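Just so it is clear, the model here is predicted, and its values are computed rather than measured.
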Amino acid sequence: MTSSDKPGTAADAPAETAAPAGTAGATPVAARDWATAASDPQYRAAVVDLLGALAYGELAAFERLAEDAKLAPTLADKAELAKMASAEFHHFERLRDRLAEIGEEPTGAMEPFVAAYDGFHKQTDPSDWLEGLVKAYVGDSIASDFYREVAARLDTDTRELVLAVLDDTGHAGFAVEKVRAAIDADPRVGGRLALWARRLMGEALSQSQRVVADRDALSTMLVGGVADGFDLAEVGKMFSRITEAHTKRMAALGLAA
């Protein structure tokens, strides 16, 4: 996954000290290791869902970047995208191996999220090189912001892995450089790409909300019960922060949000 300036999110702040619902006085999840936290079957199920969603997202990102490389205008651009695709596949391998390590079948963990990811990519198929760059930059960054928010409430072992696979693969700076250069060369490009980025934002938020709603363990993690600090009001604040970060990234691209 990629991200840009990694705006401050819950993942950057100290973990909440409140205990999960029903465990007054217990050590908060964010302060436990995996072995301890996973003794709660609902928490374990939520983490398996989270890792499955991330793993398929990384695999889909690898496939998309490999396809986008075909649209690259120069050999240098093609090579740059191929390098980024390789990094995404490495992230996928880490998540796949972690699922196997904790006794879960990786493809089974990913399967529930295939339709949502594939649906998003089908609805947002770029028509050219620049739209592909904006999609990777905007779409992946929205997903990264969401997972960083969740990561702040995960056990220490899972949080470390999630944050590691969210590291920028280099696409952020590359996309900004290429898109701004294209707009400088032809300012009319900016209006088209701004509309495209708004569409991406809407589709990404819609798909993420649909996935969470369909997975009981994940939704419980977000609204409270198996992880620390989230309630319905906090979920609203979280999506507000994600929207604010999107606005900053649009500005970095030279586009109106």
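Residues M238 and F146 are in side-chain contact: their nearest non-hydrogen atoms beyond the backbone lie under 4.5 Å apart. Between T243 and M201, some side-chain heavy-atom pair lies under the 4.5 Å cut-off. Using a 4.5 Å heavy-atom cutoff, the side chains of W196 and P126 are in contact. Under the 4.5 Å side-chain criterion, counting only non-hydrogen atoms from C-beta, D145 is in contact with R249. Side-chain contact between V138 and L253 is present, with at least one heavy-atom pair separated by less than 4.5 Å. No side-chain heavy atom of L95 sits less than 4.5 Å from a side-chain heavy atom of V162. At a threshold of 4.5 Å between non-hydrogen side-chain atoms, the residues L255 and I183 count as touching. Between D140 and E88, the closest side-chain pair of non-hydrogen atoms falls below 4.5 Å.
Taken from CD in E177 to CD in E80, the straight-line distance is 9.0 Å, to the nearest 0.5 Å. In this structure, CZ on R198 lies 8.5 Å from NE2 on H246, to the nearest 0.5 angstrom. Atom NE2 of residue H91 and atom CG of residue L59 lie 13.5 Å apart, to the nearest 0.5 angstrom. Distance CD1/I242 to OG/S141: 11.5 Å, rounded to 0.5 Å. How far OG of S206 is from CZ of F120: 10.0 Å, rounded to the nearest 0.5 Å.
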side-chain contact (heavy atoms from CB on, under 4.5 Å) between D157 and R98: does it pass, once the steps are laid out?
CA-CA 10 Å; D157 298 318; R98 177 59 176 166; 4.2 Å; yes
Intermediate values then yes/no, side-chain contact (heavy atoms from CB on, under 4.5 Å), L54 and L161
CA-CA 11 Å; L54 271 170; L161 172 62; over 6 Å; no
side-chain contact (heavy atoms from CB on, under 4.5 Å) between I142 and Y137: does it pass, once the steps are laid out?
CA-CA 9 Å; I142 293 169; Y137 179 67; over 6 Å; no
I'd like to know whether T36 forms a side-chain contact (heavy atoms from CB on, under 4.5 Å) with D155, so could you lay out the CA-CA distance, the side-chain angles of the two residues, the decisive distance to 0.1 Å, and finally the verdict.
CA-CA 9 Å; T36 304; D155 65 90; over 6 Å; no
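In this structure, Y117 has its ring center closer than 6.0 angstrom to the ring center of Y56. Taking the six-membered ring for Trp, F89 and F92 have ring centres closer than 6.0 Å.
Residues L163 and A151 share a closest heavy-atom pair of CD2-CB, 4.0 Å. Across every non-hydrogen atom of A182 and L130, the tightest pair is CB-CD1, 3.6 Å. Nearest heavy-atom pair, R180 versus A251, reported as atom, atom and distance to 0.1 Å: NH1-O, 3.3 Å. Heavy-atom minimum distance, R94 versus A164: NH1-CB, 3.5 Å. Scanning all heavy atoms of the two residues, the minimum distance from A252 to V176 falls at O-CG1, 3.5 Å.
Within 6.0 Å of atom NZ in K83, 12 or fewer heavy atoms from other residues, nucleotides or ligands are found, so the atom counts as exposed in its surroundings. Counting heavy atoms of neighbouring residues, nucleotides and ligands inside a 6.0 Å radius, atom CD of E105 exceeds 12 of them.
Salt-bridge formation is not detected for the pair D68/K78: no Lys NZ or Arg NE/NH1/NH2 atom is positioned less than 4.0 Å from an Asp or Glu carboxylate oxygen. Residues K70 and E67 are paired through a salt bridge, judged by an N-O separation under 4.0 Å between the basic side chain and the carboxylate. The pair R192-E131 meets the salt-bridge criterion, with a side-chain N (NZ, NE, NH1 or NH2) lying under 4.0 Å from an Asp/Glu carboxylate O. Comment: K178 engages D77 in a salt bridge, judged by a side-chain N to carboxylate O separation of less than 4.0 angstrom. A salt bridge does not link E244 to R241: none of the charged nitrogens lies less than 4.0 Å from a carboxylate oxygen. We find that R159 and D33 are not joined by a salt bridge, their nearest charged nitrogen and carboxylate oxygen being 4.0 Å or further apart. A salt bridge does not link R44 with D49: none of the charged nitrogens is closer than 4.0 Å to a carboxylate oxygen.
Only one option out of V47, V29, I102 pairs with T158 in a side chain to side chain contact (heavy atoms under 4.5 Å, CB included); it is V47. When each of E63, K135, E203 is paired with H121, the side-chain hydrogen bond (donor to acceptor under 3.5 Å, both in side chains) condition holds for K135 and for no other.
A donor-acceptor pair under 3.5 Å is formed between the side chain of T156 and the backbone N or O of R32. Without hydrogens or angle criteria, R199 side chain to Q123 main chain gives a donor-acceptor distance under 3.5 Å.
Both L50 and V114 are assigned to one and the same hydrophobic cluster, defined by single-linkage of ILVMFWY side chains at heavy-atom distances under 4.5 Å.
Ring geometry, F174 versus W129: the interplanar angle exceeds 60°, so the pair is classed perpendicular (tilted spans 30 to 60°).
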